[in-house]
S.K.: 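Input: one structure, supplied below.
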Amino acid sequence: IGDRRRDTGGIVLAADGLGSRLRARLSDDEPVSSAYVAYRGALPLADLPDTSSLALDDVVVYIGPGCHFVQYPLRRGEMFNQVAVFRSPKALAGEEEWGTPDELDAAFAATCDRIQAALPNLWRNRWWRMYDREPITSWVDGRLALTGDAAHPMLQYLAQGACQALEDAAQLAEQATKARSADGTDWDRALAAYAEIRTVRTARVQRTARQWGDLWHCDGLFRDTRNALLRDRDAGDYRYIDWLYAG
């Protein structure tokens, strides 16, 4: 993005993801493994032999100690997507090869009949290891600015990876508009304002995503307490997530 009236240098947006090399100009941190892994499987709804037990107009999440299973429709109900996520004992033991299909089978061996019926529809030839990074307070180095997962990679539990990248774009556009004058765009001012606003919000999302995963995957007394709180909560009570999802 450049403005010839003010300068010819323009800016560089680093959108090179979780393993961003450009982030290294601002921080020496590394991706953080959660020891969780995801298996996915999306297929045409017509290929499923029996859909009578499926919720075809909603998102369903089965949660349990160290694992969860998600189901939801895609493409106006033409496709059905399923995701199995579990904590890998091999990852916890420091093994290089982890999240393998044998671990998938072991993690969901004692789950309910609906999950057992769904497991064969997952792709077993590839899986996704779950990483994020610690929040950082500076995203700007001169005319270089981080965005998306290069700035704030997060765990998937709040479904906010793409959403926060879109918020980045909208905020940067807003600040660029505010910093525009007859002489061009003051990119130093725009980037500073963009980073100041976005680092605070995305850090909260990153940390909350980790906590959400802990809430889903807990066991023992923590699990009993969570279940009691969720049962007593009104279905329309969104007080804990309005800051993120409300308009």
S.K.: Return the set of residues passing salt bridge (charged side-chain N to carboxylate O under 4.0 Å, His left out) with D50 (not counting sequence neighbours), or none when no residue passes.
M.R.: none
S.K.: Would E167 and Q171 count as a side-chain hydrogen bond (donor to acceptor under 3.5 Å, both in side chains) if you check the C-alpha gap in whole Å, the side-chain angles of each, and the deciding distance to 0.1 Å?
M.R.: CA-CA 6 Å; E167 285 191 15; Q171 186 59 234; over 6 Å; no
S.K.: Drop me the distance from L172's CG to L13's CG, to the nearest 0.5 angstrom.
M.R.: 6.0 Å
S.K.: Can a side-chain donor-acceptor contact be found between R198 and Q164 if the only test is distance below 3.5 angstrom?
M.R.: yes
S.K.: Do side-chain atoms of D168 reach the backbone of G148 as a donor and acceptor pair under 3.5 angstrom?
M.R.: yes
S.K.: In terms of hydrophobic clusters joined by side-chain contacts under 4.5 Å, are I115 and Y72 together?
M.R.: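 They do not share one cluster, since no chain of ILVMFWY contacts under 4.5 Å joins I115 to Y72.
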S.K.: Would you kindly confirm whether L26 and V200 end up in one hydrophobic cluster when ILVMFWY residues are joined by side chain heavy atoms under 4.5 Å apart?
M.R.: no
S.K.: Is there a side-chain contact (heavy atoms from CB on, under 4.5 Å) between L155 and Y36? Walk through the geometry before answering.
M.R.: CA-CA 10 Å; L155 299 178; Y36 278 82; over 6 Å; no
S.K.: Checking the side chain of R133 only, and the main-chain atoms of L18 only, is there a donor and an acceptor separated by less than 3.5 Å?
M.R.: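 Here the side-chain-to-backbone pair exists.
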S.K.: Would you give the length of the straight line joining atom CG of D113 to atom OG of S53, rounded to the nearest 0.5 angstrom?
M.R.: 10.0 Å
S.K.: What I want to check is whether the side chains of D132 and H152 have a donor and an acceptor closer together than 3.5 Å.
M.R.: no
S.K.: In terms of hydrophobic clusters joined by side-chain contacts under 4.5 Å, are Y245 and V59 together?
M.R.: yes
S.K.: Whether E134 and R207 form a salt bridge (side-chain N of Lys/Arg under 4.0 Å from carboxylate O of Asp/Glu) is what I want to check.
M.R.: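 Looking at E134 together with R207, the answer is no, because their closest N to O distance does not fall below 4.0 Å.
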S.K.: If you measure from CG on L43 to CD on E78, what distance do you get to the nearest 0.5 Å?
M.R.: 13.0 Å
S.K.: With a 4.5 Å cut-off on side-chain heavy atoms, are L119 and F108 touching?
M.R.: yes
S.K.: Looking at E196, I want to see if its CD is surrounded by more than 12 non-hydrogen atoms of other residues, nucleotides or ligands under 6.0 Å.
M.R.: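 Check fails, neighbour count at 12 or below.
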S.K.: What I'd like to find out is whether the side chain of T208 reaches to under 4.5 Å of the side chain of W243, using heavy atoms alone.
M.R.: yes
S.K.: Within a 6.0 Å radius of atom CZ on R233, are there more than 12 heavy atoms belonging to other residues, nucleotides or ligands?
M.R.: yes
S.K.: Are any non-hydrogen side-chain atoms of T137 and T199 less than 4.5 angstrom apart?
M.R.: no
S.K.: Any non-hydrogen side-chain atom of L122 less than 4.5 Å from a side-chain atom of F69?
M.R.: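 L122 vs F69: side chains touch.
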S.K.: What's the separation between atom CZ in R210 and atom CG in L158, rounded to the nearest 0.5 Å?
M.R.: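 It comes to 12.5 Å.
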S.K.: Is a side-chain donor or acceptor of S88 paired with a backbone partner of A35 at a separation under 3.5 angstrom?
M.R.: no
S.K.: Begin from the C-alpha positions of W139 and S27 and carry the test side-chain contact (heavy atoms from CB on, under 4.5 Å) through to its verdict.
M.R.: CA-CA 9 Å; W139 293 0; S27 173; over 6 Å; no
S.K.: May I ask you to establish whether R40 and W123 are in a cation-pi arrangement, using a distance under 6.0 Å from NZ or CZ to the six-membered ring centre and at most 45° from the ring axis?
M.R.: no
S.K.: Rounded to the nearest 0.5 Å, how far apart are CG of L215 and CZ of R226?
M.R.: 6.0 Å
S.K.: How close do P153 and R23 get, heavy atom to heavy atom, and via which atoms?
M.R.: CD-NH1, 3.9 Å
S.K.: Would you call R124 and D105 a salt bridge, using N to O less than 4.0 angstrom?
M.R.: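 Yes, charged N to carboxylate O under 4.0 Å.
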S.K.: Can you tell me if T185 uses its side chain to pair, donor with acceptor, with the backbone of W187 under 3.5 Å?
M.R.: no
S.K.: Atom CZ of R204 and atom CG of L244: how far apart are they, to the nearest 0.5 Å?
M.R.: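 The CG atom of L244 is 8.5 Å from CZ of R204, to the nearest 0.5 Å.
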S.K.: With a 4.5 Å limit on heavy-atom distance, are the side chains of L144 and I11 in contact?
M.R.: no
S.K.: Partners of H68 by side-chain contact (heavy atoms from CB on, under 4.5 Å), sequence neighbours excluded?
M.R.: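 Scan of H68 (side-chain contact (heavy atoms from CB on, under 4.5 Å), adjacent residues dropped) gives V61, I63, V70, V85, Q156, Y157, W216, H217.
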S.K.: Which pairs with one or both residues in residues 44-67 pass ring pair (Phe, Tyr, Trp, His ring centres under 6.0 Å), sequence neighbours excluded?
M.R.: none
S.K.: Looking at every heavy atom in both N81 and G41, which two are closest together, and how far apart are they?
M.R.: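 Shortest heavy-atom separation between N81 and G41 comes out as OD1-O, 3.4 Å.
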S.K.: I'd like to know if K178 and D186 make a salt bridge, using a cut-off of under 4.0 Å between side-chain N and carboxylate O.
M.R.: no
S.K.: Under 30°, 30 to 60°, or over 60°: which ring-plane class applies to F86 and Y39, parallel, tilted or perpendicular?
M.R.: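 Ring orientation, 0 to 90° scale: parallel.
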S.K.: I'd like to check R87 versus V37 (side-chain heavy atoms, cut-off strictly below 4.5 Å). Are they in contact?
M.R.: no
S.K.: Are any side-chain N or O atoms of N121 and backbone N or O atoms of Q82, one a donor and one an acceptor, separated by less than 3.5 Å?
M.R.: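 The answer is no, because no donor-acceptor pair under 3.5 Å joins these two groups.
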S.K.: Does R129 use its side chain to pair, donor to acceptor, with the backbone of W98 at less than 3.5 Å?
M.R.: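 Looks like yes, one N/O pair under 3.5 Å.
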S.K.: Does a side-chain heavy-atom distance below 4.5 Å link P65 with R223?
M.R.: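 A side-chain contact under 4.5 Å exists here.
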S.K.: Between T111 and Q116, is any pair of side-chain heavy atoms under 4.5 Å apart?
M.R.: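 In contact.
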